[in-house]
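Written below as structure tokens is the structure these notes are about.
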Amino acid sequence: MNNFRIPFFRLLPVFVCALCCTAGPAAAQIRLAAKHKPAARIVLTTPDPADSVAASLLQRFVRRISDAELPIVAADDLRRAPGAGDVLIGNGLSNAAFASDSLREDGFLLSTRDGALRIVSGGDKGSVYGVATLLERWLGVQYWGENEYTLVRSADVRLPRLHLVENPAFRYRQSQFYGMRNDPDYKLWMRLEEPQEVFAGSYWVHTFDRLLPSARYGAEHPEYYSFFDGKRHPGKASQWCLTNPELFEVVAQRLDSIFRAHPDRRIVSVSQNDGNYTNCRCDACRAIDEREGGPSGSLIHFLNKLAARFPDKEFSTLAYLYTMTPPKHVVPLPNVNIMLCDIDCDREVSLTENASGRAFMAAMEGWSAKTRNIFVWDYGINFDNYLAPFPNFHILADNIRLFRDHGANMHFSQIAGSRGGDFAELRTWLVSKLMWNPDADTDELMRTFLDGYYGAAAPHLYRYIQTITGALIGSGQRLWIYDSPVSHKGGMLKPALMRRYGELFDRAEEAVAGDSLLLARVQRARLPLLYSELEIARTEPEKDFDELTRKLDYFERQVKRFGVPTLNERSNSPVEYCALFRTRYMPRAERSLARGAAVRFETEPTGKYAALGRTALTDELFGGSSFVESWIGWEGCDAAFVIDLGERKELRSVEADFLHQLGQWILLPTRVVYSVSDDGERFVEAGAYDLAEDRSASVKFVGVKHAFATPTAARYIRVEVTGTKTCPHWHYGVGHPCWFFIDEVTVL
């Protein structure tokens, strides 16, 4: 729904412009509409498609403001020469004299110096962004979200004298937001682009297997793929053997065909598959990498060969995980674009303020010394919990300025842009402004958005953001991209603070109670707090189940009402989460006979899980999707443990609960065997179960249950688990150890 209301103080500059128009000829240069009728024409000075988009955007919003439909005229169709009062878009005709070497890609000039409004482009979408800026700064239009904008209705539309030249800090700016799929104006207004608009054939990141599908080449040419642990690892997630000369020629031919099929594109990504530690260690690759100080050495040598083969094209490659650190000696050619990713960095402070950030900055400084063609992929997202508070607004500008100052000319700010995600609308609006101008004041931008989007609720939401941000910093707890509300239940989400946050949202809702649109926006912004309450409550031994049921029912109604599609990048539905919550975390009809039982490990859990496992397997608390509590893990091995029920009991069933989460290298085991005993020494097998391989990306909880044919008396239960142990060829940890996790053994 379009919203045509805006706070009075935000209208003041527009009113001032309108008043100045009556003060004299110097004030009002251009009249676009008068008494709801067009008073100007839009002249396209060139046939550039971007200029046509710009003209249409201007025409559309002038009509929405005044009902006046400005005619759009191509230069070839002019019946009179363009002049005073016209809007000239493009770099043709007399506008050419206004073009300047100072204009860069996507930059623009707006000028009324000679009585015409001139919109001159620095290239690509410069004219479009010039129109968006004109509408925003001088005509009072603000765009907030998907088909959500504010404007001031007026019979007359006039412009004062103006002259503005702007260039973006980055030539390419990308982010995430659910609204871009359904609202093309939103994407234009935010000055955002998507990979398919720029990269030939949409070849953008993790392209090795797409360029040379392992399903086609793996069996016949295993020598094209990584060598480690004594063998080649062909597969969808494997990397290439970058010193193989035949591989290079096959890749070059493939790229040539891609560019021929997309003659209007000059950049393509040739980049490693997702995953870590899977680079080739054959003698030739290892020799280069040892000389260069790391696996980026063989990668850049390979990319430089491609760049030399196609000097008029540009090749983007990842500096990611094992390739993040730059090589010691080789320098990327100018047409090699380095996509540097800060995936391992924590987000509670800026990149210069904690160890993980400083490690990334050391890499960035190294790349910056070698090239000014850097694409930074920055993560401002919680992949495992979109619907959880992620208070990182305070670090956005600091980090984006760091990227600009170290030579980055392209930037992807990957944020939680899913519907219902933590302040998704505000987050995208802020990063779009900061990617255009990193020196803008974040606090001022935030206040502008909150006032415009939430109206009278804005002060309470601003106070909430400031309070939770301070609580995060004060807690000393990390904020990372696979975070869970449970990790913060003793810090920024502890009970006293949760009560305070609830009070602030109550006040925000009260402030806009009479406006259904604004109230809905506030209630949608509250979803992360509601979700956090549920996630934290399920981990507590003592619960008020009546209150928990009320909260769960309300949360379910709200996610349905707002059409929230997913909780995480694994596409787990929030509605399914609510159903799962009722069966997994609410009281069960029967208590487990193993509640509080002692556990003796024959195979110790890995690392920190050994100590946790003494109680977590029999506490009747089931873990969540983020495996930060209750789960006990083993890496790269089989395992066995014995549960002591304390006395001989009659058993009807035993069930172990496993986690499936491929993104964290957590795979289901291949086999589970249950045995029983009276003395803990001599066991009799009760049941054995084989598990099918599961390649689904969704997070799953998989119970492996054995039901005794007849009630069986025993004191001890032995659980043997055969792990998958090594990530298979299709997984991006191919050839490396994987995990299995158990959170509970239930005995009835």
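All values derive from a computational prediction rather than experimental measurement.
- With a 4.5 Å cut-off on side-chain heavy atoms, Glu146 and Asn182 count as touching.
- For the pair Asp86 and Arg118, the minimum side-chain heavy-atom distance is 4.5 Å or more.
- Proximity of Leu426 to Tyr453: side-chain heavy atoms (C-beta onward) are nowhere separated by under 4.5 Å.
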Let me see the working for Asn335 and Arg266 under side chain to side chain donor-acceptor pair (under 3.5 Å), right down to the final yes or no. CA-CA 10 Å; Asn335 57 328; Arg266 64 174 301 272; over 6 Å; no
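- Each of Arg173, Lys125, Gln174 was scored for a side chain to side chain donor-acceptor pair (under 3.5 Å) with Glu193, with one residue passing: Lys125.
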Stepwise side chain to side chain contact (heavy atoms under 4.5 Å, CB included) check, Trp367 with Ser296: CA-CA 11 Å; Trp367 287 109; Ser296 61; 4.3 Å; yes
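- Separating the OG1 atom in Thr469 from the OH atom in Tyr464 is a distance of 8.5 Å, to the nearest 0.5 Å.
- Screening Tyr172, Trp204, Phe199 for a ring-ring contact (aromatic ring centres under 6.0 Å, His included) with Phe412, the sole residue that qualifies is Trp204.
- Side-chain contact check for Tyr149 and Asp183: no donor-acceptor pair (N or O, by modelled atom type) lies under 3.5 Å.
- Relative orientation of the Phe310 and Phe315 rings is tilted, given thresholds of 30° and 60° on the angle between their planes.
- The side-chain heavy atoms of Arg153 and Asp67, taken from C-beta on, include a pair separated by under 4.5 Å.
- In terms of heavy-atom proximity, Ile395 sits nearest to Val349 at CG2-C, 3.5 Å.
- The side chain to side chain contact (heavy atoms under 4.5 Å, CB included) test applied to Arg210 returns Ser202, Tyr203, not counting sequence neighbours.
- Between Leu340 and Met364 there is a side-chain heavy-atom pair separated by less than 4.5 Å.
- Listed for the Ser127 side chain is no donor-acceptor partner under 3.5 Å among the backbone atoms of Gly90.
- Looking at Asn409, its side chain never comes within 3.5 Å of a backbone N or O of Phe170 through a donor-acceptor pair.
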Are Leu164 and Phe108 close enough, and set up right, to give a side chain to side chain contact (heavy atoms under 4.5 Å, CB included), and what steps lead you there? CA-CA 8 Å; Leu164 175 68; Phe108 59 84; 4.1 Å; yes
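- Between Tyr143 and Trp189, the ring planes are tilted. Angles from 30° to 60° get that label.
- Note: Asn95 CG to Ile89 CD1 = 9.0 Å, rounded to the nearest 0.5 Å.
- For the atom pair CZ of Arg41 and CG of Leu32, the computed distance is 14.0 Å after rounding to the nearest 0.5 Å.
- Taken to the nearest 0.5 Å, the CZ atom of Phe98 stands 12.5 Å off from the CD1 atom of Ile119.
- Between Arg401 and the options Asp405, Asp398, Asn399, a side chain to side chain donor-acceptor pair (under 3.5 Å) holds for only Asp398.
- Between the side chains of Tyr320 and Gln272, no donor-acceptor pair is found at a separation under 3.5 Å.
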Give the C-alpha distance, both sets of side-chain angles, the deciding distance and a yes or no for salt bridge (charged side-chain N to carboxylate O under 4.0 Å, His left out) between Asp451 and Arg447. CA-CA 6 Å; Asp451 289 337; Arg447 287 176 178 271; over 6 Å; no
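- For Thr442, the side chain to side chain contact (heavy atoms under 4.5 Å, CB included) partners two or more places apart in sequence, or in a different chain, are Ala397, Leu430, Leu434.
- Using modelled atom types, one side-chain atom of Ser271 and one backbone atom of His206 make a donor-acceptor pair closer than 3.5 Å.
- Residues Leu211 and Arg254 share a closest heavy-atom pair of O-NE, 3.4 Å.
- Contact check for Asp342 versus Phe403: side-chain heavy atoms found under the 4.5 Å cut-off.
- Within the model, atoms CD of Glu353 and CG of Asp346 stand 12.5 Å from one another, a figure rounded to the nearest 0.5 Å.
- Between Leu318 and Cys341, the shortest heavy-atom contact is CD2-SG, 3.6 Å.
- No donor-acceptor distance shorter than 3.5 angstrom exists from the side chain of Ser316 to the backbone of Ser269, with no hydrogens or angles considered.
- Other residues, nucleotides and ligands place more than 12 heavy atoms under 6.0 Å from the CZ atom of Arg372.
- In this structure, a donor-acceptor pair under 3.5 Å is absent between the side chains of Asp515 and Tyr454.
- Between the side chain of Gln466 and the backbone N or O of Arg463, no donor-acceptor pair lies under 3.5 Å.
- Among all heavy-atom pairs drawn from Ala424 and Tyr178, the shortest one is CB-CE2, 4.5 Å.
- For the residue pair Ala408 and Val376, the shortest heavy atom distance occurs at CB-CG2, 3.8 Å.
- Of the candidates Arg137, Arg191, Arg104, Glu166 forms a salt bridge (Lys or Arg N to Asp or Glu O under 4.0 Å) with just one, namely Arg137.
- Nearest heavy-atom pair, Leu44 versus Ser52, reported as atom, atom and distance to 0.1 Å: CD1-OG, 3.8 Å.
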What do the steps show when you test Glu148 against Arg521 for salt bridge (charged side-chain N to carboxylate O under 4.0 Å, His left out), and what is the final call? CA-CA 11 Å; Glu148 295 178 309; Arg521 290 173 178 173; 3.3 Å; yes
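- Using a 4.5 Å heavy-atom threshold, the side chains of Ser175 and Ser432 count as separate.
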Before you tell me yes or no, could you show the steps for Val152 and Ile65 under side chain to side chain contact (heavy atoms under 4.5 Å, CB included), namely the whole-Å CA-CA distance, both residues' side-chain angles and the distance that decides it to 0.1 Å? CA-CA 6 Å; Val152 184; Ile65 294 169; 6.0 Å; no
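- For the side chain to side chain contact (heavy atoms under 4.5 Å, CB included) criterion with Val431, the lone passing option out of Leu192, Asp378, Leu396 is Leu396.
- Remark: aromatic rings of Tyr129 and Trp436 are close, center separation under 6.0 Å.
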Intermediate values then yes/no, side chain to side chain contact (heavy atoms under 4.5 Å, CB included), Val336 and Thr371: CA-CA 9 Å; Val336 172; Thr371 179; over 6 Å; no
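- In this structure, the side chains of Arg427 and Phe390 come closer than 4.5 Å at one or more pairs of heavy atoms.
- In this structure, Trp377 has its ring center closer than 6.0 angstrom to the ring center of Tyr379.
- Not one N or O on the side chain of Gln176 forms a donor-acceptor pair closer than 3.5 Å with the backbone of Gln414.
- Arg347 and Asn382 form no side-chain donor-acceptor contact under 3.5 Å, judged by distance and modelled atom types alone.
- A distance of 7.0 Å separates CG in Leu135 from CZ in Phe61, rounded to the nearest 0.5 Å.
- His36 places no side-chain N or O within 3.5 Å of a backbone atom of Ala68 that could act as its donor or acceptor partner.
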